[in-house]
Amino acid sequence: MQALVYPAYGELEVREVPEPIPGPGEVLVRVGACGICGSELGSFAARSPRRVPPLVMGHEFAGTVVALGEGTAGVREGDRVVVNSLVHCGACDLCRRGSTHLCRNRQIFGMNRPGAFAERVAVPAAIVYPMPAAMSAVQGALVEPLANGIHVVSLASRNPMESVVVIGAGPIGLMCLQAALRKGAERVGVSEPNPERRAVARMLGAAAAWDPREGGLTAAVMAFTDGAGADLVIDAVGSAETKRDSVAAARRGGELVWIGLHCDEVTLSSFALILEERRLSGSYGAGEDDIRTAIEWFAAGRVQTEPWVETAPLARGAEAFFAALRQEGRAVKVVLEPGQ
Ligand SMILES: [Zn+2]
Ligand SMILES: [Zn+2]
(Lines give C-alpha, C1' and ligand atoms only; values in the text may rest on other atoms or scores of the structure.)
(Ligands and ions follow the chains in the order given, each with its own letter.)
Protein backbone atom coordinates (compact mmCIF):
# COMPACT_ATOMS: atom_id res chain seq x y z
CA MET A 1 0.00 0.00 0.00
CA GLN A 2 0.95 3.66 -0.35
CA ALA A 3 2.00 5.77 2.62
CA LEU A 4 3.53 9.19 3.19
CA VAL A 5 6.79 8.12 4.81
CA TYR A 6 9.07 10.31 6.97
CA PRO A 7 12.25 8.31 6.31
CA ALA A 8 14.83 10.68 7.83
CA TYR A 9 15.05 14.20 9.27
CA GLY A 10 14.04 16.76 6.63
CA GLU A 11 12.63 14.18 4.19
CA LEU A 12 9.11 13.06 3.27
CA GLU A 13 7.97 10.88 0.38
CA VAL A 14 5.02 8.81 -0.78
CA ARG A 15 6.16 5.24 -1.28
CA GLU A 16 5.08 1.61 -1.11
CA VAL A 17 5.13 0.08 2.40
CA PRO A 18 4.06 -3.34 3.74
CA GLU A 19 0.34 -3.90 4.36
CA PRO A 20 -0.53 -3.74 8.10
CA ILE A 21 -2.06 -6.88 9.61
CA PRO A 22 -4.58 -6.39 12.45
CA GLY A 23 -3.48 -8.19 15.62
CA PRO A 24 -5.76 -9.61 18.32
CA GLY A 25 -8.37 -7.01 19.31
CA GLU A 26 -7.51 -4.84 16.31
CA VAL A 27 -9.31 -3.93 13.11
CA LEU A 28 -7.91 -2.78 9.79
CA VAL A 29 -9.19 0.67 8.80
CA ARG A 30 -9.09 1.94 5.22
CA VAL A 31 -8.25 5.60 5.84
CA GLY A 32 -10.78 7.98 4.27
CA ALA A 33 -9.09 11.15 5.52
CA CYS A 34 -6.27 12.12 7.87
CA GLY A 35 -5.49 15.67 8.98
CA ILE A 36 -1.98 17.11 9.09
CA CYS A 37 -1.56 18.29 12.69
CA GLY A 38 0.38 21.38 13.71
CA SER A 39 2.32 19.20 16.15
CA GLU A 40 3.52 17.11 13.19
CA LEU A 41 4.56 20.18 11.23
CA GLY A 42 6.37 21.47 14.32
CA SER A 43 8.04 18.12 15.05
CA PHE A 44 9.23 17.81 11.46
CA ALA A 45 10.59 21.37 11.34
CA ALA A 46 12.33 21.09 14.72
CA ARG A 47 13.56 17.46 14.27
CA SER A 48 11.74 16.80 17.53
CA PRO A 49 12.65 13.77 19.63
CA ARG A 50 8.88 13.27 20.07
CA ARG A 51 8.70 11.96 16.48
CA VAL A 52 11.82 10.12 15.39
CA PRO A 53 12.10 8.88 11.77
CA PRO A 54 11.70 6.45 10.09
CA LEU A 55 7.99 6.92 10.73
CA VAL A 56 4.58 7.24 9.11
CA MET A 57 2.86 10.17 10.84
CA GLY A 58 -0.88 10.92 11.01
CA HIS A 59 -3.19 10.67 14.03
CA GLU A 60 -6.35 12.62 13.10
CA PHE A 61 -8.29 10.14 11.00
CA ALA A 62 -11.49 8.41 10.02
CA GLY A 63 -12.29 5.65 7.57
CA THR A 64 -13.94 2.30 7.01
CA VAL A 65 -13.30 -1.03 8.73
CA VAL A 66 -12.16 -3.49 6.05
CA ALA A 67 -10.87 -6.45 8.10
CA LEU A 68 -11.15 -7.77 11.64
CA GLY A 69 -8.45 -9.31 13.83
CA GLU A 70 -9.26 -11.96 16.44
CA GLY A 71 -11.62 -11.01 19.25
CA THR A 72 -13.14 -7.78 17.97
CA ALA A 73 -16.76 -7.86 19.12
CA GLY A 74 -18.94 -4.85 18.37
CA VAL A 75 -17.25 -3.78 15.12
CA ARG A 76 -18.15 -5.07 11.65
CA GLU A 77 -16.56 -4.88 8.24
CA GLY A 78 -17.96 -1.89 6.39
CA ASP A 79 -18.47 0.23 9.54
CA ARG A 80 -17.49 3.87 9.03
CA VAL A 81 -15.47 4.97 12.06
CA VAL A 82 -13.65 7.84 13.68
CA VAL A 83 -10.47 6.66 15.43
CA ASN A 84 -9.10 8.12 18.67
CA SER A 85 -5.55 9.43 18.18
CA LEU A 86 -4.52 7.91 21.52
CA VAL A 87 -4.32 4.20 22.27
CA HIS A 88 -4.83 3.56 25.98
CA CYS A 89 -3.99 0.43 27.96
CA GLY A 90 -7.30 0.11 29.81
CA ALA A 91 -5.53 -1.27 32.90
CA CYS A 92 -3.59 1.54 34.59
CA ASP A 93 -4.95 3.68 37.43
CA LEU A 94 -5.82 6.57 35.10
CA CYS A 95 -7.64 4.37 32.57
CA ARG A 96 -9.60 2.85 35.46
CA ARG A 97 -10.62 6.36 36.54
CA GLY A 98 -11.87 7.12 33.04
CA SER A 99 -8.99 9.48 32.15
CA THR A 100 -7.91 7.32 29.23
CA HIS A 101 -6.18 10.25 27.48
CA LEU A 102 -3.76 10.44 30.43
CA CYS A 103 -3.02 6.68 30.32
CA ARG A 104 0.44 5.88 31.68
CA ASN A 105 1.07 3.59 28.73
CA ARG A 106 -0.55 5.72 26.06
CA GLN A 107 0.55 5.40 22.46
CA ILE A 108 -0.14 7.94 19.74
CA PHE A 109 -0.55 7.10 16.07
CA GLY A 110 2.31 8.45 14.03
CA MET A 111 4.50 8.75 17.10
CA ASN A 112 4.68 5.45 18.99
CA ARG A 113 2.93 3.33 16.37
CA PRO A 114 2.38 3.57 12.58
CA GLY A 115 0.18 6.52 11.67
CA ALA A 116 -2.60 7.15 9.18
CA PHE A 117 -0.88 9.02 6.37
CA ALA A 118 -1.42 5.68 4.64
CA GLU A 119 -4.08 3.75 2.78
CA ARG A 120 -4.69 1.42 5.70
CA VAL A 121 -3.83 1.26 9.40
CA ALA A 122 -4.38 -1.34 12.13
CA VAL A 123 -6.17 0.05 15.20
CA PRO A 124 -7.53 -1.39 18.45
CA ALA A 125 -11.28 -1.98 18.11
CA ALA A 126 -11.70 -0.39 21.56
CA ILE A 127 -10.83 3.10 20.27
CA VAL A 128 -13.11 3.38 17.25
CA TYR A 129 -16.35 5.39 17.31
CA PRO A 130 -19.21 4.91 14.84
CA MET A 131 -19.35 7.76 12.34
CA PRO A 132 -22.90 8.95 11.54
CA ALA A 133 -23.93 8.74 7.87
CA ALA A 134 -24.35 12.53 7.82
CA MET A 135 -20.60 12.98 8.35
CA SER A 136 -17.89 12.93 5.69
CA ALA A 137 -14.51 11.29 6.24
CA VAL A 138 -12.93 14.76 6.20
CA GLN A 139 -15.22 15.82 9.03
CA GLY A 140 -14.30 12.57 10.78
CA ALA A 141 -10.63 13.52 10.53
CA LEU A 142 -11.44 16.87 12.15
CA VAL A 143 -13.08 15.26 15.18
CA GLU A 144 -9.74 14.97 16.99
CA PRO A 145 -8.78 18.67 16.82
CA LEU A 146 -12.35 19.72 17.64
CA ALA A 147 -12.39 17.32 20.60
CA ASN A 148 -9.13 18.96 21.75
CA GLY A 149 -10.91 22.33 21.70
CA ILE A 150 -13.92 20.93 23.56
CA HIS A 151 -11.57 19.41 26.15
CA VAL A 152 -9.84 22.78 26.69
CA VAL A 153 -13.16 24.50 27.37
CA SER A 154 -14.37 21.64 29.60
CA LEU A 155 -11.32 22.14 31.81
CA ALA A 156 -12.23 25.77 32.36
CA SER A 157 -15.95 25.90 32.90
CA ARG A 158 -15.85 27.08 36.49
CA ASN A 159 -16.52 30.72 35.67
CA PRO A 160 -19.22 32.33 33.55
CA MET A 161 -17.58 32.89 30.17
CA GLU A 162 -18.51 36.49 29.43
CA SER A 163 -15.18 37.01 27.74
CA VAL A 164 -12.78 34.44 26.35
CA VAL A 165 -9.48 35.10 24.62
CA VAL A 166 -7.87 32.58 22.28
CA ILE A 167 -4.19 33.09 21.52
CA GLY A 168 -3.39 31.74 18.06
CA ALA A 169 -5.80 31.09 15.14
CA GLY A 170 -4.22 27.88 13.90
CA PRO A 171 -6.41 24.77 13.66
CA ILE A 172 -6.52 24.19 17.44
CA GLY A 173 -7.16 27.87 18.18
CA LEU A 174 -10.04 27.92 15.67
CA MET A 175 -11.51 24.76 17.22
CA CYS A 176 -11.16 26.30 20.72
CA LEU A 177 -12.96 29.41 19.40
CA GLN A 178 -15.87 27.33 18.09
CA ALA A 179 -15.98 25.16 21.21
CA ALA A 180 -16.07 28.23 23.48
CA LEU A 181 -18.94 29.78 21.48
CA ARG A 182 -20.93 26.51 21.42
CA LYS A 183 -20.35 26.11 25.16
CA GLY A 184 -21.83 29.50 25.94
CA ALA A 185 -19.05 32.09 25.74
CA GLU A 186 -20.58 35.50 25.11
CA ARG A 187 -17.62 37.13 23.38
CA VAL A 188 -14.42 35.55 22.11
CA GLY A 189 -11.40 37.61 21.08
CA VAL A 190 -8.57 36.12 19.07
CA SER A 191 -4.91 37.16 19.05
CA GLU A 192 -3.14 36.21 15.81
CA PRO A 193 -0.40 37.87 13.75
CA ASN A 194 -1.47 36.39 10.38
CA PRO A 195 -4.19 38.69 8.83
CA GLU A 196 -5.80 35.86 6.81
CA ARG A 197 -6.17 33.77 9.92
CA ARG A 198 -7.67 36.74 11.78
CA ALA A 199 -10.24 37.06 8.97
CA VAL A 200 -11.10 33.36 9.34
CA ALA A 201 -11.48 33.79 13.11
CA ARG A 202 -13.98 36.63 12.53
CA MET A 203 -15.90 34.49 10.03
CA LEU A 204 -16.14 31.76 12.66
CA GLY A 205 -17.69 34.16 15.16
CA ALA A 206 -14.85 35.95 16.96
CA ALA A 207 -16.10 39.30 18.27
CA ALA A 208 -12.62 40.78 17.70
CA ALA A 209 -9.30 39.66 16.30
CA TRP A 210 -6.10 41.61 16.66
CA ASP A 211 -2.40 41.51 15.81
CA PRO A 212 -0.47 41.01 19.08
CA ARG A 213 2.60 42.68 17.53
CA GLU A 214 0.70 45.99 17.55
CA GLY A 215 0.81 47.13 21.16
CA GLY A 216 1.02 43.72 22.77
CA LEU A 217 -1.42 41.09 23.91
CA THR A 218 -2.18 42.55 27.33
CA ALA A 219 -3.24 45.96 25.99
CA ALA A 220 -5.46 44.33 23.36
CA VAL A 221 -7.15 42.10 25.92
CA MET A 222 -7.70 45.01 28.31
CA ALA A 223 -9.33 47.00 25.49
CA PHE A 224 -11.49 43.97 24.64
CA THR A 225 -12.61 43.48 28.25
CA ASP A 226 -13.00 47.09 29.48
CA GLY A 227 -9.86 46.73 31.56
CA ALA A 228 -11.01 43.66 33.50
CA GLY A 229 -9.10 40.87 31.75
CA ALA A 230 -10.73 37.77 30.26
CA ASP A 231 -12.65 35.12 32.20
CA LEU A 232 -10.76 32.49 30.26
CA VAL A 233 -7.54 32.74 28.28
CA ILE A 234 -6.62 29.84 26.02
CA ASP A 235 -3.03 29.66 24.79
CA ALA A 236 -3.05 27.66 21.56
CA VAL A 237 0.50 28.77 20.67
CA GLY A 238 2.60 27.96 23.69
CA SER A 239 5.63 30.18 23.16
CA ALA A 240 7.44 31.61 26.20
CA GLU A 241 5.90 34.98 25.35
CA THR A 242 2.29 33.80 24.95
CA LYS A 243 2.47 31.73 28.14
CA ARG A 244 3.83 34.69 30.10
CA ASP A 245 1.37 37.20 28.60
CA SER A 246 -1.61 34.88 29.01
CA VAL A 247 -1.35 35.28 32.80
CA ALA A 248 -1.80 39.05 32.78
CA ALA A 249 -4.58 38.73 30.17
CA ALA A 250 -6.81 36.74 32.56
CA ARG A 251 -9.03 38.65 34.94
CA ARG A 252 -8.62 38.36 38.73
CA GLY A 253 -10.05 34.96 39.59
CA GLY A 254 -9.93 34.05 35.91
CA GLU A 255 -8.68 30.91 34.25
CA LEU A 256 -5.93 29.98 31.83
CA VAL A 257 -5.68 26.82 29.81
CA TRP A 258 -2.49 26.05 27.94
CA ILE A 259 -2.58 23.64 25.02
CA GLY A 260 0.23 25.03 22.80
CA LEU A 261 3.52 23.15 22.92
CA HIS A 262 5.77 25.61 21.16
CA CYS A 263 8.36 25.74 23.91
CA ASP A 264 8.88 24.10 27.28
CA GLU A 265 10.56 26.24 29.94
CA VAL A 266 9.17 29.70 30.61
CA THR A 267 9.55 32.58 33.08
CA LEU A 268 6.35 34.18 34.38
CA SER A 269 4.87 35.89 37.42
CA SER A 270 3.77 33.28 39.95
CA PHE A 271 2.51 36.11 42.17
CA ALA A 272 0.00 37.04 39.45
CA LEU A 273 -1.39 33.53 39.84
CA ILE A 274 -1.33 33.52 43.64
CA LEU A 275 -2.31 37.04 44.69
CA GLU A 276 -5.13 37.37 42.17
CA GLU A 277 -6.23 33.73 42.22
CA ARG A 278 -5.82 32.94 38.58
CA ARG A 279 -6.10 29.23 37.86
CA LEU A 280 -3.88 27.53 35.33
CA SER A 281 -4.38 24.17 33.69
CA GLY A 282 -2.60 22.31 30.93
CA SER A 283 -4.69 20.42 28.37
CA TYR A 284 -3.65 17.38 26.40
CA GLY A 285 -5.68 15.54 23.82
CA ALA A 286 -9.30 14.74 24.52
CA GLY A 287 -11.34 12.48 26.72
CA GLU A 288 -13.79 9.95 25.32
CA ASP A 289 -16.75 12.23 26.14
CA ASP A 290 -15.10 15.09 24.26
CA ILE A 291 -14.75 12.86 21.18
CA ARG A 292 -18.42 11.83 21.37
CA THR A 293 -19.45 15.48 21.70
CA ALA A 294 -17.30 16.43 18.68
CA ILE A 295 -18.96 13.69 16.59
CA GLU A 296 -22.43 14.92 17.65
CA TRP A 297 -21.59 18.51 16.74
CA PHE A 298 -20.33 17.53 13.29
CA ALA A 299 -23.34 15.30 12.64
CA ALA A 300 -25.65 18.16 13.67
CA GLY A 301 -23.88 20.63 11.35
CA ARG A 302 -22.67 22.80 14.21
CA VAL A 303 -19.01 23.05 13.14
CA GLN A 304 -17.73 25.33 10.42
CA THR A 305 -14.83 24.07 8.30
CA GLU A 306 -15.20 26.69 5.56
CA PRO A 307 -13.04 28.42 4.42
CA TRP A 308 -10.10 27.17 6.42
CA VAL A 309 -9.84 23.43 5.71
CA GLU A 310 -8.44 22.11 2.42
CA THR A 311 -7.94 18.59 1.16
CA ALA A 312 -5.19 16.99 -0.90
CA PRO A 313 -4.77 13.44 -2.16
CA LEU A 314 -2.30 11.27 -0.22
CA ALA A 315 -0.29 10.91 -3.45
CA ARG A 316 0.49 14.64 -3.14
CA GLY A 317 1.02 14.39 0.61
CA ALA A 318 4.65 15.53 0.67
CA GLU A 319 3.89 18.71 -1.32
CA ALA A 320 0.83 19.40 0.83
CA PHE A 321 2.86 18.92 4.02
CA PHE A 322 5.63 21.26 2.86
CA ALA A 323 3.07 23.87 1.74
CA ALA A 324 1.38 23.69 5.15
CA LEU A 325 4.79 24.05 6.80
CA ARG A 326 5.38 27.28 4.87
CA GLN A 327 1.80 28.44 5.67
CA GLU A 328 1.20 29.00 1.95
CA GLY A 329 -2.26 29.77 0.71
CA ARG A 330 -5.40 30.36 2.72
CA ALA A 331 -5.75 26.90 4.21
CA VAL A 332 -5.17 26.82 7.95
CA LYS A 333 -5.65 23.06 7.96
CA VAL A 334 -4.82 20.42 5.34
CA VAL A 335 -6.45 17.00 5.31
CA LEU A 336 -5.01 14.15 3.22
CA GLU A 337 -7.35 11.76 1.41
CA PRO A 338 -5.78 8.40 0.52
CA GLY A 339 -8.71 7.34 -1.67
CA GLN A 340 -8.44 10.36 -3.99
ZN1 LIG B 1 -3.26 16.55 16.33
ZN1 LIG C 1 -3.84 3.13 30.87
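Computed from heavy atoms alone, side chains included, the values below leave out hydrogens, waters and symmetry copies. As the structure lists them, so they are numbered: ligands from 1, and atoms in each ligand from 1. Bear in mind the structure is a predicted one, so any value in this text is a computation, not a measurement.
Comment: D93 does not engage R96 in a salt bridge, judged by the lack of any side-chain N to carboxylate O separation of less than 4.0 angstrom.
Distances from the Zn ion (ligand 2) show that C103 has an N/O/S atom below 2.8 Å.
A cation-pi arrangement is absent between R51 and Y6 under the rule of less than 6.0 angstrom and at most 45 degrees off the ring axis.
The Zn ion (ligand 1) is the vertex of the angle joining NE2 of H59 and SG of C37, which measures 100° to the nearest 10°.
In this structure, the side chains of V143 and W297 stay at 4.5 Å or more apart for every pair of heavy atoms.
Enclosure of atom CZ in R252 is not indicated, since only 12 or fewer non-hydrogen atoms of other residues, nucleotides or ligands lie within 6.0 angstrom.
Summary: OE2 is the N/O/S atom of E60 found nearest to the Zn ion (ligand 1).
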